[in-house]
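All remarks here apply to the structure that follows.
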Amino acid sequence: MSGLHNGRDVFEYALLRIVPRVERGEMINAGVVVYCHARRFVEARTHLDEARLRALDPTVDVEGVRAALHAVEGVCHGGERAGQAAGEDVGRRFRWLIAPRSTIVQPGPVHTGLTADPGKEAERLLDLLVR
């Protein structure tokens with residue numbers, strides 16, 4: 001999935017969704033994970049709208065949700081913050097993050113695109129799809 005197209009590289013991304021009550025199926029978008037193989041780039045950008053989250057579930061553990069989002073960011077950065085994924089390359093860390101789990105923070109489907117700057121793309125997607 002890598003390759004240069006007019007100065008742009010293929011990238012993949014997935015939304016991070018918060019599902020406070022799985023049985024209800026309601027969710028809000030709270031972040032995006034962007035991966036670009038050609039640039040060895042993986043990064044998560046998050047933004048938690050606490051009011052919207054509490055509207056779905058007034059009893060939700062907001063600090064727990066924040067901790068889970070920070071853990072995703074840590075996996076992207078690698079090193080000690082990445083826990084068991086610390087030794088993995090960026091592609092494996094991205095795949096680990098987008099694997100379905102039955103938790104309150106769930107990845108959405110993976111989408112692709114082209115970008116000249118994956119960091120700016122992550123911020124653009126956060127603004128467009130989360131904030």
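Note that the coordinates shown come from a computational prediction; the quantities given were computed from them, not determined experimentally. Values below: every heavy atom of this structure, side chains too, minus hydrogens, waters and symmetry copies. Just so you know, residue 1 is the first one in the sequence shown, and it goes up from there.
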Worked verdict on Val62 versus Arg54 for side-chain contact (heavy atoms from CB on, under 4.5 Å): CA-CA 8 Å; Val62 174; Arg54 288 193 188 281; 3.3 Å; yes
Any Val75 side-chain heavy atom under 4.5 Å of Val42 side chain: no
Test item: Phe94 and His37 side chains (from C-beta on) under 4.5 Å apart, heavy atoms: no
Rounded distance (nearest 0.5 Å) linking atom CZ of Arg131 with atom CG of Leu48: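 The CZ atom of Arg131 sits 12.0 Å away from the CG atom of Leu48.
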Spacing of Ile98 atom CD1 and Leu16 atom CG [to the nearest 0.5 Å]: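 Interatomic distance, Ile98 CD1 to Leu16 CG, rounded to 0.5 Å: 10.5 Å.
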Closest non-hydrogen atom pair, [X] against [Y]:
X: Pro107; Y: Ala99; answer: CG-O, 3.8 Å
X: Cys76; Y: Ala44; answer: SG-N, 3.5 Å
X: Gly31; Y: Leu126; answer: CA-CD1, 4.1 Å
X: Val130; Y: Arg52; answer: O-NH1, 4.4 Å
X: Arg39; Y: Gly7; answer: NH2-O, 3.7 Å
X: Ala116; Y: Arg8; answer: N-CG, 3.8 Å

Intermediate values then yes/no, side-chain contact (heavy atoms from CB on, under 4.5 Å), Tyr13 and Thr115: CA-CA 12 Å; Tyr13 73 94; Thr115 186; over 6 Å; no
Side chain Arg45, main chain Val32, donor-acceptor under 3.5 Å: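 No: the side chain of Arg45 does not pair with the backbone of Val32.
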Asn29 side-chain N/O to Leu129 backbone N/O, donor-acceptor pair under 3.5 Å: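 Indeed, once roles are kept as given, a pair shorter than 3.5 Å links the two residues.
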Derivation of the salt bridge (charged side-chain N to carboxylate O under 4.0 Å, His left out) call for Arg124 and Glu121: CA-CA 5 Å; Arg124 184 188 76 79; Glu121 195 65 41; 2.6 Å; yes
Verdict with reasoning, Glu43 to Val34, per side-chain contact (heavy atoms from CB on, under 4.5 Å): CA-CA 5 Å; Glu43 190 166 310; Val34 173; 5.5 Å; no
Exceeds 12 heavy-atom contacts within 6.0 angstrom, atom CZ of Arg66: yes
Of Thr103, Val65, Leu56, the residue whose pairing with Ile18 passes side chain to side chain contact (heavy atoms under 4.5 Å, CB included): Val65
Identified side chain to side chain contact (heavy atoms under 4.5 Å, CB included) counterpart of Asp57 within the set Thr59, Asp61, Leu53: Thr59
